[in-house]
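Report on the following structure.
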Amino acid sequence: MSRPGPVLLEVTDLRVAYGKAHVVHGASLTVREGEFVVVLGRNGAGKSTILHALSGLIGKQGGRVTFAGADITRASPRDIVRAGLVQVLEGHRVFTSLSVEDNLLVGTYAGRGGAQAAGLERIYADFPELAEKRHQQASRLSGGQQQILAVAQGLIADPRLLILDEPSGGLAPLVVDRILDVASRLSAAGTAVLLVEQLVEKALRHATYGYLLETGAVAGEGTAAELQDSALLRRIYLGGAEAA
């Protein structure tokens with residue numbers, strides 16, 4: 001099945017190692033404008049490592065990454081964010097000593113044009129619980145609220161591509177659904193989303209396209225519907241043999 005829209009992110013033969021431990025072995029994938037792409041795989045498959053490499057948070061041993069037509073393989077994290085590629089890290093990473101609103105204002109500094117009051121109001125409209133607690137210290141938020149705040153930090157930066165790394169970690173199912181619903185709306189409005197997630201069923205319900213990662217390499221890809229019913233998906237997660 002052809003994928004509509006121009007390519008926004010193209011990753012070719014990406015290789016990443018931690019010391020002598022090679023974690024990603026020639027992974028290639030693409031994300032198109034406004035597309036919602038999910039990367040699936042068991043723990044240790046290299047999913048988060050790929051995201052960190054794309055964001056410039058760790059080095060690359062080989063391969064090429066282009067974003068919006070520009071080579072960002074060796075770009076700094078700051079320049080990557082300025083180009084419009086923004087990652088929400090795993091684990092509710094917010095500035096707990098700052099207020100909710102100050103956390104959001106930090107996100108505006110990463111924005112391509114520097115989102116101001118209009119950006120804050122847009123976030124508060126999408127997440128009324130943040131509006132209610134805008135003057136509270138982030139340390140007083142629940143784990144779910146901190147994750148919502150972390151996602152909001154990414155959104156207020158006005159990304160062309162939002163990367164979400166395991167947003168479901170430790171959260172109630174309703175909170176996970178809420179975050180994925182927001183990501184779906186973002187994609188429908190034209191912002192691309194790249195998601196790494198362990199909740200396979202939920203991820204495929206929201207995504208349009210996906211990649212299956214196994215031991216640091218792409219083992220398969222297809223539309224969300226194709227992957228949902230694939231023997232490869234069952235083998236990767238359940239350990240059974242693929243059907244002939």
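Note that this is a predicted model, so its numbers are computed, not measured. Side-chain atoms are counted along with the backbone in the values below, which use heavy atoms only and exclude waters and symmetry mates.
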Pairwise side-chain contact, [X] with [Y], heavy-atom cut-off 4.5 Å (strictly under):
| X | Y | value |
| --- | --- | --- |
| S99 | H135 | no |
| H52 | L89 | yes |
| V37 | L29 | no |
| I50 | L213 | yes |
| L141 | V94 | no |

Cluster overlap [X] with [Y], hydrophobic side-chain contacts below 4.5 Å:
| X | Y | answer |
| --- | --- | --- |
| I148 | L105 | yes |
| V175 | L186 | yes |
| Y18 | V196 | yes |
| L212 | V200 | yes |
| V7 | V11 | no |

Is a side-chain donor or acceptor of [X] paired with a backbone partner of [Y] at a separation under 3.5 angstrom?
| X | Y | result |
| --- | --- | --- |
| T96 | A138 | no |
| Q137 | S97 | yes |
| K47 | R42 | yes |
| E197 | L199 | yes |
| Q153 | V88 | no |
| T73 | V65 | yes |
| S230 | L227 | yes |

Open item on the list: Is it the case that over 12 heavy atoms from other parts of the model lie below 6.0 angstrom from the OH atom of Y237?
Closed with: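 Buried by this count: over 12 neighbours within 6.0 Å.
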TODO: Determine whether more than 12 heavy atoms belonging to other residues, nucleotides or ligands lie under 6.0 Å from atom CZ of R205.
DONE: yes
Distance-minimising heavy-atom pair for [X] and [Y]:
| X | Y | answer |
| --- | --- | --- |
| R160 | L8 | O-CD2, 3.5 Å |
| D177 | H206 | O-NE2, 4.4 Å |
| I80 | L54 | CD1-O, 3.5 Å |
| A183 | V193 | O-CG2, 3.7 Å |
| G154 | P159 | O-CD, 3.4 Å |
| G46 | V24 | O-CG2, 4.0 Å |

Open item on the list: Using side-chain contact (heavy atoms from CB on, under 4.5 Å), reason through D126 and R185 one step at a time and then give a plain yes or no.
Closed with: CA-CA 11 Å; D126 281 339; R185 292 203 309 272; 3.6 Å; yes
- [ ] Apply side-chain contact (heavy atoms from CB on, under 4.5 Å) to the pair I236 and L40, showing each step before the final yes or no.
- [x] CA-CA 9 Å; I236 286 175; L40 301 170; over 6 Å; no
Supply the atom-to-atom distance [X] [atom1] to [Y] [atom2], rounded to the nearest 0.5 angstrom.
| X | Y | atom1 | atom2 | answer |
| --- | --- | --- | --- | --- |
| S48 | I58 | OG | CD1 | 9.5 Å |
| L104 | E101 | CG | CD | 7.0 Å |
| L57 | S76 | CG | OG | 10.5 Å |
| T191 | L161 | OG1 | CG | 9.0 Å |
| R64 | L14 | CZ | CG | 13.0 Å |
| L180 | L195 | CG | CG | 6.0 Å |

Task: Salt bridge flag under 4.0 Å for residues R3 and E35 - done: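 Counted as a salt bridge, because a side-chain N and a carboxylate O are separated by less than 4.0 Å.
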Open item on the list: Quick one, E166 with Q198, criterion side-chain contact (heavy atoms from CB on, under 4.5 Å). Give me CA distance, side-chain angles, the key distance, then yes/no.
Closed with: CA-CA 7 Å; E166 300 277 9; Q198 282 294 340; 3.3 Å; yes
- [ ] Quick one: do L85 and I163 satisfy side-chain contact (heavy atoms from CB on, under 4.5 Å)? Show the steps, please.
- [x] CA-CA 7 Å; L85 188 157; I163 295 180; 3.5 Å; yes
Open item on the list: Does the plane of the ring in Y209 sit parallel, tilted or perpendicular to the ring in Y211? Use 30° and 60° as the thresholds.
Closed with: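 Taking Y211 first and then Y209, their aromatic rings stand perpendicular (interplane angle over 60°).
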